[in-house]
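Note sheet for the following structure.
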Amino acid sequence: MGNHRDIYHQCLAVIPVCLLEFAIALACGWLGPMIKIFLEDPNSEIKATEEECSWIASMPGFGRIFGPFFSILLLDVLGRKVMIQITAAIFAALWLPILFTRSVGILCISFFFCGLGIGICNGLTAVYIGENCSPKIRGILCSASVTSFYLAVLMQYTIAGYLSYSTLATVNFILAFCGLISCIFLTVETAQFLMLKGRFDKAESNMMWLRGTENKHDIITDFENIKANVASEKLKKTSYRELFFAPANFKSLIIVLTLNMAHAATGNIALFTYISVLFPENAHFTSNQVTVYYGISQMTFCLLASFVIEKVNRRSLTLFAFSLFLVCHSVSAYFFYDAANSESPSKYGFWIIFTMVCLFCGFSAVLDSVVHMIRGELFPQSIKPIGSGLAIATHSLAQFFTVKIFLMIKSQYGIYMNFVGYAVGSVAAFWFTYFFLPETRGKTLIEIQKSLEKRK
């Protein structure tokens, strides 16, 4: 394995996850510039009020609430590979009704199913990466999948202003369909699932390929450890009782649930969705230009973070992120408040843009990757589908709420009040992380479970 074949093969195996994230971002990134067009462009093929736009924008969060329950029911039945392929098909099919209709209601339904696919994907990809990738590069590969998400977002922000509604939907369908074809051929089933189904020869073969070796002795220790762990977890009753009454499992659930709610409470998805209507008019930048610059900076910082994420503790990164969010939200709240009551609101344009770019880079470079990894690392095999599903559903409900009320708060109280709420959420998130989040960097899934059992 000295020739790094293990790293090469694991990178190949993670390509389907990157393509799924790319497909998700095609839909989510499409909403950003389109919301402004629906609201303000007199030539838009779809006209929508603020209330209608809030429903369109919040539908992915609403649909995502239900997606995890499909993961719970099917992840250990169909396997990680088949579920990835099914989810890729959902994101490809999503664009057909968008392409052939011009109805706000159809858009809402389409993005509900988009959210359903996101909910399935979120728990699925965390499990897939956690089980297929070695600890030394697990964080890097997870960060790579997040980078692919922001690459697609940047693409949407860049081309949305130059293509018609129909052309953009057609391009997105073709890209999502190519992703589906790639997922069919590149996805590698995990050893844990194959052992769960008693297919030990195939599990051994897949594990040898992922480790880049043709010698069984190179994987024998890890293979036997995983086999014993799967056998042990299989004996446990996979139920909500097991999740809530086993101390280590319940501890994992509370940590993951709270971290996911904190992620939503700090405003990531709401600001991401309403990016095109967020920035004030500025003498130097148009709203579309700022959106593109934001996309470039976000993807750049996410890419850079992939090179350091395995060199810094997850807990330290999370504390840094919430500290950054507190500062950025507080400063943004002041700027937006003063701009709303100033005779020359555009004077704050540059500083608002600067603080928001810092904020978005913190989300993309740090928190998105860490939350994604923690979700796949803390739950043992026996309750992983249930635990991940509940965490994602809770996260989705919080996201739906923050997206739905954003425009309402903006209209009734001023946009700055959203940032006041996000600053309060950042303080609570920092406190929780400092006292309760365990460190998982460099640990195998089995080692993480043992450490949770020892923690009081």
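In what follows, residues are counted from 1 in the order of the sequence shown.
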Closest non-hydrogen atom pair, [X] against [Y]:
| X | Y | result |
| --- | --- | --- |
| T87 | G117 | CG2-O, 3.4 Å |
| W209 | A13 | CZ3-CB, 4.3 Å |
| A57 | I35 | CB-CD1, 4.3 Å |
| A27 | L94 | CB-CD2, 3.6 Å |
| S426 | H329 | OG-CD2, 3.6 Å |
| T187 | C183 | OG1-O, 2.6 Å |

Using the ring pair (Phe, Tyr, Trp, His ring centres under 6.0 Å) criterion, which residues pair with W55? Sequence neighbours excluded.
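W55 satisfies ring pair (Phe, Tyr, Trp, His ring centres under 6.0 Å) with no other residue.
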In the structure I gave you, are the side-chain heavy atoms of [X] and [Y] within less than 4.5 Å of one another anywhere?
| X | Y | answer |
| --- | --- | --- |
| V104 | F38 | no |
| I219 | E204 | yes |
| Q399 | I118 | no |
| L12 | L186 | no |
| L31 | P60 | yes |
| I46 | M34 | no |
| F173 | L99 | no |
| I24 | F91 | yes |

In Å and rounded to the nearest 0.5 Å, what is the [atom1] to [atom2] distance from [X] to [Y]?
| X | Y | atom1 | atom2 | answer |
| --- | --- | --- | --- | --- |
| S58 | I269 | OG | CD1 | 11.0 Å |
| L271 | F406 | CG | CZ | 5.5 Å |
| T190 | K81 | OG1 | NZ | 11.5 Å |
| C133 | I7 | SG | CD1 | 11.0 Å |
| L20 | I15 | CG | CD1 | 12.5 Å |
| L326 | F322 | CG | CZ | 11.5 Å |

Examine distances only and state if a side-chain atom of [X] and a backbone atom of [Y] form a donor-acceptor pair shorter than 3.5 Å.
| X | Y | answer |
| --- | --- | --- |
| Q10 | L210 | yes |
| N132 | V188 | yes |
| S205 | D201 | no |
| N313 | R315 | no |
| Y150 | A25 | no |
| R80 | L124 | no |
| Y274 | K36 | no |

Check whether more than 12 heavy atoms from other residues, nucleotides or ligands sit under 6.0 Å from atom [atom1] of [X], and answer yes or no.
| X | atom1 | value |
| --- | --- | --- |
| E224 | CD | yes |
| F200 | CZ | yes |
| F70 | CZ | no |

Name all pairs fulfilling the side-chain hydrogen bond (donor to acceptor under 3.5 Å, both in side chains) condition that reach into residues 166-184, sequence neighbours left out, sorted by first residue then second.
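Counting only pairs at least two positions apart or across chains, the side-chain hydrogen bond (donor to acceptor under 3.5 Å, both in side chains) contacts touching residues 166-184 are R102-S166, Q156-N172, S164-T167.
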With sequence neighbours excluded, residues passing side chain to side chain donor-acceptor pair (under 3.5 Å) with [X]:
| X | answer |
| --- | --- |
| S148 | none |
| K404 | E51, S54 |
| D222 | R211 |

Would you please test W431 and F436 for ring-ring contact (aromatic ring centres under 6.0 Å, His included) and show each step?
CA-CA 9 Å; W431 176 84; F436 297 104; 5.7 Å; yes
L319 and F430: CA distance, side-chain angles, deciding distance, side chain to side chain contact (heavy atoms under 4.5 Å, CB included) verdict:
CA-CA 6 Å; L319 288 171; F430 181 94; 3.7 Å; yes
Walk me through it: do M83 and I120 pass the test side chain to side chain contact (heavy atoms under 4.5 Å, CB included)?
CA-CA 8 Å; M83 289 295 290; I120 296 172; 3.7 Å; yes
Tell me which pairs pass salt bridge (charged side-chain N to carboxylate O under 4.0 Å, His left out) where either residue lies in residues 15-24, with sequence neighbours left out.
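Not a single pair qualifies under salt bridge (charged side-chain N to carboxylate O under 4.0 Å, His left out).
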Sequence neighbours excluded - salt bridge (charged side-chain N to carboxylate O under 4.0 Å, His left out) pairs with any residue from residues 267-277
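Qualifying pairs: none.
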With sequence neighbours excluded, give me every ring pair (Phe, Tyr, Trp, His ring centres under 6.0 Å) pair touching residues 10-35.
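Sorted pair list: W30-W95, W30-F111, W30-Y165.
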Could you walk me through whether F223 and M195 satisfy the side chain to side chain contact (heavy atoms under 4.5 Å, CB included) test, starting with their C-alpha distance in whole Å, then the side-chain angles of each, then the deciding distance to 0.1 Å, before giving a yes or no?
CA-CA 10 Å; F223 183 83; M195 290 182 187; 3.2 Å; yes
Between side-chain atoms of residues 255-263 and protein atoms elsewhere (two or more places apart, or another chain), which donor-acceptor pairs fall under 3.5 Å?
unit_1	atom_1	unit_2	atom_2	d
T258	OG1	I254	O	2.7
N260	OD1	R375	NE	3.3
N260	OD1	R375	NH2	2.6
N260	ND2	V256	O	2.7
H263	ND1	H395	NE2	2.9
H263	NE2	N268	ND2	3.4
H263	NE2	D368	OD1	2.7

Does [X] have any side-chain contact (heavy atoms from CB on, under 4.5 Å) partners at least two apart in sequence or in another chain, and if so, which?
| X | answer |
| --- | --- |
| L194 | E189, R199, K202, A203, N206 |
| A398 | A264 |
| F112 | M59, F62, F66 |

Check the pair F401, L397 against side chain to side chain contact (heavy atoms under 4.5 Å, CB included), reporting the backbone distance first and the verdict last.
CA-CA 6 Å; F401 179 75; L397 184 62; 6.0 Å; no
